[in-house]
Amino acid sequence: MSEKESKDIPEQPAKGRSEKLMLILVAVALVLTLANTVLIVMNPTAKKVEQFNEELKTDLADSVASLHKKIDGLRSAEVEWQAVLKKAQAKPDAIYKVVNTQDGYLTLTEIDKTESPAAQ
């Protein structure tokens, strides 16, 4: 019996090592599975966030373009009215009429005093 007992003793440490190795492998597999599951679950969310970011970028670019267009319109209107003021300053006694042109802009035109109903 002593021979059988001595044979059983060396087998137990090997069995304990294999159990520890198996437990480590199972734990690593579990961690990898959980990480993979989290990545799969988060993937649709990431796509939605990325799409939302792209939409925001597009909206922002459109807003900036619209703002630049309005600023350019204001600059051109300022240039036009500076020209109108120079024209009015050159002839301060003249009578002027604001006229809406075909392209939608307002312009200042000089009226002859003979045509003016207020002068009569």
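Residues passing the salt bridge (Lys or Arg N to Asp or Glu O under 4.0 Å) test with E80, sequence neighbours excluded: none.
Between T109 and K87, the shortest heavy-atom contact is CA-NZ, 4.3 Å.
Checked options L34, N36, V28; the residue passing with L32 is V28 (criterion: side-chain contact (heavy atoms from CB on, under 4.5 Å)).
Within 6.0 Å of atom CD in E54, more than 12 heavy atoms from other residues, nucleotides or ligands are found, so the atom counts as buried in its surroundings.
When the side chains of ILVMFWY residues are joined at heavy-atom separations under 4.5 Å, either directly or via intervening members, I95 and V99 end up in two distinct hydrophobic clusters.
Atom OG of S18 is separated from atom CG of L23 by 11.0 Å, given to the nearest 0.5 angstrom. The distance from the CG atom of D59 to the OG atom of S66 is 12.0 Å, given to the nearest 0.5 Å. Taking CD of Q82 as the start and CG of L85 as the end, the distance is 5.5 Å to the nearest 0.5 Å. Separating the CG atom in L74 from the CD atom in E78 is a distance of 9.0 Å, to the nearest 0.5 Å.
Between the side chain of T37 and the main chain of T33, a donor-acceptor pair closer than 3.5 Å is present.
A heavy-atom distance below 4.5 Å is not found between the side chains of N43 and L39. Looking at heavy atoms from C-beta onward, L60 lies out of side-chain contact with L56 at the 4.5 angstrom threshold.
A salt bridge does not link E50 with K47: every distance from a Lys NZ or Arg NE/NH1/NH2 to an Asp or Glu carboxylate oxygen is 4.0 Å or more.
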